[in-house]
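Throughout, a chain's letter reflects where its sequence line sits, starting with A, and its residues are numbered from 1. Predicted model only: the values in this text are computed from it and were never measured. All values below come from the heavy atoms of this structure, side chains included, with hydrogens, waters and symmetry mates left out.
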Amino acid sequence: MTDTSTTQVRVRATPEIRRARIAGIILLVMAAFVFWFFGLKVMGDLNATFKLTLPTDKIQDIKMILNTRTLAFVVAGVLAFLSGVQLRKSTEKRTNMAVGVGFFFFIFAFLAWAAAGKSFSLVGMLRSTVILSIPVTLGALSGIMCERVAVINIGIEGQLLASAFTATILGSAFGLWAGVVGALVVGSLLGLFLAWLAIKYQVDQIIAGVTINIFALGITSFMAARVLRKAQHLNSSPQFPAIKIPFLADIPLLGSMFFNHNFFIYLTFLLVIVLHIAFFHTRWGLRSRSVGEHPRAADTVGINVFATRYRNVILGGLMAGVGGAFLSLTQVSRFEENMTAGIGYIGLAAMIFGRWKPFGALAAGLVFGFARALQQKLGILATPIPSEFLLMTPYLVTIIVVAGVVGKATPPAADGQPYLKE
Amino acid sequence: MTESTDTNLTNPEKSPPEKPPSNLFARITGINTGWIRSLLIPTLALLVALIFGAVFVALTDLEALALLKEDFGGGLRLMAEGVGLAYKALFTGAFGSVYGLSETLFAATPLLLTGLAVALGFRAGLFNIGANGQMLIGGMAALWVALHLNLPGFIHIPLAILAAIIGGALWGGISGLLKAITGAHEVITTIMLNFIAFFLVEYLLTVPVFQEAGKINPISEFVPLSARFPQVFGADYRVSIGLLIAVAAAIFVSWLLFRSSWGFEFRAVGFNPTASRFAGMKVQSLLVLVMGFSGALAGIAGANQVLGFSPYQVTSAFAGTIGFDAIALALLGQSHPVGVVWAALLFGALKAGGRAMQASAQIPLDLVVVIQALIIVFIAAPELVRAIFRVKPPEKEKTQITKGWGG
Amino acid sequence: GADEPAATDVPPPPPADTDVPVVEDTAVPEEETEEEPVAELPIACFITDLAGVDDMSFNALGWKGVTDAVAAGYAQADPILLESQAMEDYQPNIEACLNEGATHIVTSGWAIEEAVKINAAANPDVKWTFIDAGGFELDNVRELVYQTDEASFAAGYLAAGVTKTGVIGTYGGAPYPTVSIFMDGMARGVAYYNEMKGTDVQVIGWSVETADGQFTGSFTDMALARTTCEGILDEAADVMLPVGGAINLPCGDAIIARGIDAALIGVDADAYFAMPEQYQDLWLITIEKGIDIQVTRSLQADAEGNWLGGGTVGNAANGAVGLSPLNSWEDKVDAELWAETQAVFQAIVDGEIDAAVYAVGPE
Amino acid sequence: MVLELRGITKRFPGVLANDDVSLSVELGEILALLGENGAGKTTLMNILYGLYTPDAGEVLVDGQHLQLSSPSDSIAAGIGMVHQHFMLVPVFTVTENVILGMEPTIAGGFLDMKAGSKMVKDISESYKLEVDPDALIENLPVGIQQRVEIIKVLSREARYLVFDEPTAVLTPQEVEEFFQIVRGLQEAGKGIIFISHKLKEVLEIADRIVIMRDGKSVADVDPEKITEEEIAELMVGRPVELVVRKKQAEPGEPVLVINDLIALDDRDHTAVDGVSFEVCSGEIVGIAGVQGNGQTELIEVITGIRLSLAGTMSIHGQDITGASPRNIHGMNVAHVPENRQESGLIIDFTVTENMVLNSYYTQPYSRGIQMDWDIASQAATRLVKEYDVRTPSVDTQVSSLSGGNQQKVIVAREFDRDVGLVIAAQPTRGIDVGSIEYIHARIVEQRDKGAAVLIVSSELDEVMALSDRILVMYRGKIVGEFDPKKDSTTKIGLAMLGGTK
Ligand SMILES: Nc1ncnc2c1ncn2[C@@H]1O[C@H](COP(=O)(O)OP(=O)(O)OP(=O)(O)O)[C@@H](O)[C@H]1O
Ligand SMILES: Nc1ncnc2c1ncn2[C@@H]1O[C@H](COP(=O)(O)OP(=O)(O)OP(=O)(O)O)[C@@H](O)[C@H]1O
Ligand SMILES: [Mg+2]
Ligand SMILES: [Mg+2]
């Protein structure tokens, strides 16, 4: 017989440990980089000034002044410590946390390096983050609405674009609220169209969505060239004003970030909360989720799968409609060909990154918004990094986040599958 | 797992055996409903799309609309004239002359290549939205070889194409690799890599390695004569050997998918990655390989844009929207190389015709995009067309082209 | 149709009796205009670059130049407009122009340059007017490039005097020279002001040292332009120079929404007239680049038989670039500062200040 | 007090699934519905449940015609169904699954989870169906999942309960418990339709038996007055062999040797926990166990699909730890995977393509990377004949074959060479009697040719019939070795539940 005693027992690393090791190594590299590049290589003893108030704020001139080099050394230390913890032992939750914290500190050191000897508005950057996150979050909410009932909506981009177009025209012609209504109607109609193709005709859902994108781009550009060019008065929409929330808006930093915005930004936050509650604490949500996870099971307890899907996909279109209205009625007063420029696709990424959850979508939106805002601040800070590379930042960050932090996310079990009765 | 198929054994006589497609068309295209049947739906789809397009043209004819109020008949006539003029230009621009035909083929060339790229991905269950980025990187690689190697044409061109293949394959491979290692979905990574490639190219065109000497704008140096794709129908027609390369690529992809063991693996993974893994295929490596192949095809399209036509000098816009058109095209061609060829010809014709339509009827080029979208809708939902024309459905009709996020 | 207006419905160009030299094309001798009648008016064809005719920038202005010429009787009715959507559209569009019988083709954007060069050489009978690039050395091509930074410099000087916060901001659509030249000239003008007055007015969004700055990366992403502008406003900027056509407007929206006392500097055509009404109070001044006027002049010269080929660098001295009047800011700008600004501009015209730093074409 | 189906006919494309079937059940009665795979039992019940609309026929309760256009109609009529494939949402809790479709809410549609879990508790107490209302379904063993299904039905106040093959996934002990529950329900006055093809069980529990074949109801009998053999003949339409005929095993050298094997499942929990055993040439070793006790992972590790965490494995003395599926296939290992449609076949591929699914890259099917489909198709034609795969042609998509023939495609592919080790998981799950007989015979034939055979099955009967030696796996460990000739089903069943040896 075989001699079991001499066969050595090989022990391989669990995925958890492997992940922690990789995280540890990355953190260590980051620590070394921060130490050397942001710490040692910085010329002279420079301070970075972070402004914490906006020129328009009630309370003025709160600043945070940090010594770039000292900060770099501190951050390098923190990163090295996190790395050490990871390399020794960690749990999955702590690995994610460590990576998150590590990136936060790294970016902080990076910003201080970029702002060495200069000053910039940190509060402005964070405020921009919030604003920039809105269309992404709304796009993601649209995706969540649909995919929670197992209909993939890749047509968010087209829904945003078409509803932004409508909002501009109707807003220009009949005023703000007409624009809002128009955007919501068009978003919902495109949702209905997607639902119709996907449910009634069982068209491959990705095809249906791509079609919506192409169609929306084509028809809005066509109309812009053929109609708006000659009817400029239809291309100048009014704007929703900012609503200052009394007292809260005057809190330094937080006031400017969260409490001095237009209606749509509050609405988006509200939607995130409402959708979270609706999905996870109401009858509607339980039924919707069951339709996305196991439509047949839902059917056997008397839930109308088709109706649920129609309803949610239309609501998904509605969310995109809100996004379109946000763009046209709060951000810009003019429609431009392809003015959404891919934000719908980024919304899709945010949906996946946010793991099909409303708060996840918001978090993902904020990460993307932050990357964008970071790029904008770096453009201001006149770093030696060419602007073309700065412009890549948001996209790079999205890839890193999706690949590095999220890994494989699990969609609703029936996602993308048509439901066949008989 | 539902056992919905336990029938043939117990009642073999009840289910008539499925005959394999017998005619040549069916063998080549895999559409086994016979000649007329298989052309019927696409033709009707095109027809309906054109009708819708006409409606859009008519309804946005402001002059005619204004006239409508005073003189209804006159307004309608004006609309009809406008549509007629537009479609006449569309048709003659695409097919009405040798030049038109050549422009159609010329426009079809990069579409075919990127369409194949996307189709190949679909076959393996991957949704490559990144053909544009892969074109950009492939094109720049080809441009580098074109500008910096001094070689005779017969070797310079192949080498530049090779560089494009490598460049595109690497750029596509990144998404494959990320998916294989971390599970990051290719839809997201390819979209992001499109943006990144675009800004990278913008940057590269401002550095001396690529930028035209003495120029301040981000525009490249001229491709030397030895690296330019020869025109196949003479200097007056823009069709170059790029078309031949694209057709060769279509044949290659056909072979790859249906005659090679790699293609067998690609298709297996596309249908069922689990079973493929059980059968000993290295699914993760295949993901990288497929994205690599897909990117390589798009890369060749990039080379075509860089080396393929006058003035043989590029800006960051050289990929245009071709990589996105390719998605529609691959869907339209049902991810089959032969289907993609037809789809590319159709889209090429629409492009060439669309330009003519703009020139002689002042219809914005965007109308073509609208028509493309409509064609896809009607082909993807043939029931719609059938409902309009009251055509009877064929017995079997199902092609799973894409997958959800799960893959 | 024949009387298709330009991208923006605009009142007629500003009267020529302002103090500032309006954009004028000195290359066309004025006195020859009323000479003997010309046999045939040119058939004009206009080809845009990828930005399209709605770019509120050079394409729109070029097309305006063409339609103005038609209106003034320098070209035949129904000029052809062809938009390019891809790089490979340039050549067929040019061919389409030729096939439609165009005798005078106007194109805009540096990217089309080579296609024009080839076709112009092959079609010596056709006249060409080319916006924003040069170096053709062909008799049938009239090239229009602009030493915009000369005017931009003076605008920068003015802005530095106007700002209360001591911060001036700028952003562009993409780091292309035709964009950056505005930003660079303005930044130098501000620096000059600082030097003269011993002040420390900051420029945000452009660095003369790194020759790089703040860009949105897109000429159509309006929302992005808005936050880009806001990001600069957050740094307390109160004079903004956005350079990118339609994406200039969201900056106006941002200022209006914030209700702050900030100004915009326009580019290309006098923004006070050219841009939508709601922004009228914001335009401090416009750095004018007389594209439309020069295109019209070029067609006029063709029509009247006194065509001149070759390149012109439009600059302060020949009046092709300049500053608009103050319009709505007339009362708000200190008269002394305005006089100084004009003096600076005059000094540039006279060559006493060398503001033409930015390369505008091949040497 | 009677539920009646009258003259039900249902046609699917190419199949007459139900052909003028009539049956009835009274309150307080247990009716067993018997029939082979594909006989039409599930279809009939789905019609009763409002999931399918019949082409002809009607459903009546107390002589009252029912309009059943959706499950809600059936639920309203007091009909409940425990489906063959559980209708539970895996990522929901027990309570969420139970209340789905009839959620208790507080004002404005907010879920009242307290009321929900109280309902679950009440039912589980009154019917002795113990279950944690807050547990996630995906974490529960099938036996408990079944209880959840029953609670679901009871919570809807069903008077008629349909159980579609409820015992297929249960151990003998669990079956016993289940029968207790069913009898309890009967006493509570419910009418019960019980579907199965396990004859013993049916005879034990039913008051009346209806037998279906080829979509028709062929007999309505009293269990007291009929034998197993008679029933089997009625089901299949011919006399059947109910036991596997095989010679005494003659074990030779150990072929597969496993030592202290540890492996994780997809959620990174330990699934295989220090398993050691060997399989010798010429013997069939069966692994019995309730589903989800690590058998799946064990097989995946041995066949190279899953990485082990620790331990060693060898085949013919050659170390295979960390070897790829292809390496292992190359060592003359035949693998019949557990789930044929998910992992054994690519059902959108043709028979030919599936026949070469793991040998396509070798001579003679390919030279370099060029495939030779003619040769592949010839080989497939031969195999189809040899292994009695009933298919119109080798170019037919496997998806249009019956389950048994699909399984034969796999067996043909895997057995058609000199096999040293056979690993077969659930080799006959969900296929008809004829195919089962055939596949069993082929497996025994491999053993007799000298191959080592490892069988995993959740059907204890199958393991008992096939194996020469039985290992029982419980919570990732081998908890006992049994001799099918000497040890009783009860003893083995006890071990499957973690009882002492
Ligand atoms: N298994 C095979 N055996 C023999 N030839 C094959 C096989 N698979 C593919 N081929 C060859 O490849 C050609 C194209 O394959 P086919 O059209 O069947 O692909 P497909 O995947 O079915 O396409 P479709 O998407 O249209 O269904 C066929 O004409 C056939 O000659
Ligand atoms: N949705 C469907 N579409 C087409 N055919 C179907 C469908 N459902 C069942 N069938 C076919 O109808 C016949 C009866 O199937 P059914 O599921 O009712 O059998 P069953 O007796 O329940 O078998 P099993 O013992 O395998 O559960 C089979 O031939 C099956 O393939
Ligand atoms: Mg356009
Ligand atoms: Mg059944």
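Only the side chain of C/Ile118 comes within less than 4.5 Å of a heavy atom of chain B; its backbone N, CA, C and O stay farther away. There is no contact between B/Tyr312 and chain C, counting heavy-atom distances below 4.5 Å. Both the backbone and the side chain of B/Ser360 come within less than 4.5 Å of a heavy atom of chain C. With a 4.5 Å cut-off on non-hydrogen atoms, B/Phe195 does not touch chain C at all. For B/Ser316, the part lying under 4.5 angstrom from a heavy atom of chain C is the side chain only. With a 4.5 Å cut-off on non-hydrogen atoms, B/Gln313 touches chain C through its backbone and its side chain both. Using a 4.5 Å cut-off between heavy atoms, B/Phe199 touches chain C through its side chain atoms alone. In this structure, chain C has heavy atoms under 4.5 Å from both the backbone and the side chain of B/Phe318.
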Given the rule in the side-chain contact (heavy atoms from CB on, under 4.5 Å) test, do B/Gln362 and C/Ile80 qualify, once you have shown the distances and angles that lead to the verdict? CA-CA 8 Å; B/Gln362 302 276 301; C/Ile80 305 159; 3.6 Å; yes
Pair B/Asp366-C/Gln85, side-chain contact (heavy atoms from CB on, under 4.5 Å): steps then yes or no: CA-CA 9 Å; B/Asp366 309 293; C/Gln85 280 196 344; 2.8 Å; yes
Could you go through the salt bridge (charged side-chain N to carboxylate O under 4.0 Å, His left out) check for B/Lys215 and C/Glu113 one step at a time? CA-CA 12 Å; B/Lys215 277 287 161 69; C/Glu113 182 182 315; 2.5 Å; yes
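No side-chain heavy atom of C/Tyr90 sits less than 4.5 Å from a side-chain heavy atom of B/Ser310. Taking the side chain as every heavy atom from C-beta outward, C/Trp110 and B/Thr315 approach each other to under 4.5 Å. Side-chain contact between B/Pro311 and C/Gln91 is absent, with no heavy-atom pair separated by less than 4.5 Å.
With sequence neighbours excluded, no residue satisfies salt bridge (Lys or Arg N to Asp or Glu O under 4.0 Å) with C/Glu88.
Note that CZ of B/Arg355 and CG of C/Asn93 are 7.0 Å apart. Values are rounded to the nearest 0.5 Å. In this structure, CG on B/Asn217 lies 8.0 Å from CG on C/Asp132, to the nearest 0.5 angstrom.
Heavy-atom pairs under 4.5 Å with chain C peak, among B/Gly320, B/Ala317, B/Pro218, B/Gly308, at B/Pro218. Most heavy-atom pairs under 4.5 Å with chain C, from the set B/Glu103, B/Glu212, B/Arg238: that is B/Arg238.
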For residues 172-187 of chain C, which side-chain N or O atoms pair as donor and acceptor with protein atoms under 3.5 Å away, sequence neighbours left out?
from, atom 1, to, atom 2, distance (Å)
C/Tyr176, OH, B/Glu202, OE2, 2.6
C/Ser180, OG, C/Tyr176, O, 3.2
C/Asp184, OD1, C/Trp206, NE1, 2.9
C/Asp184, OD2, C/Arg188, NE, 2.8
C/Asp184, OD2, C/Arg188, NH2, 3.3

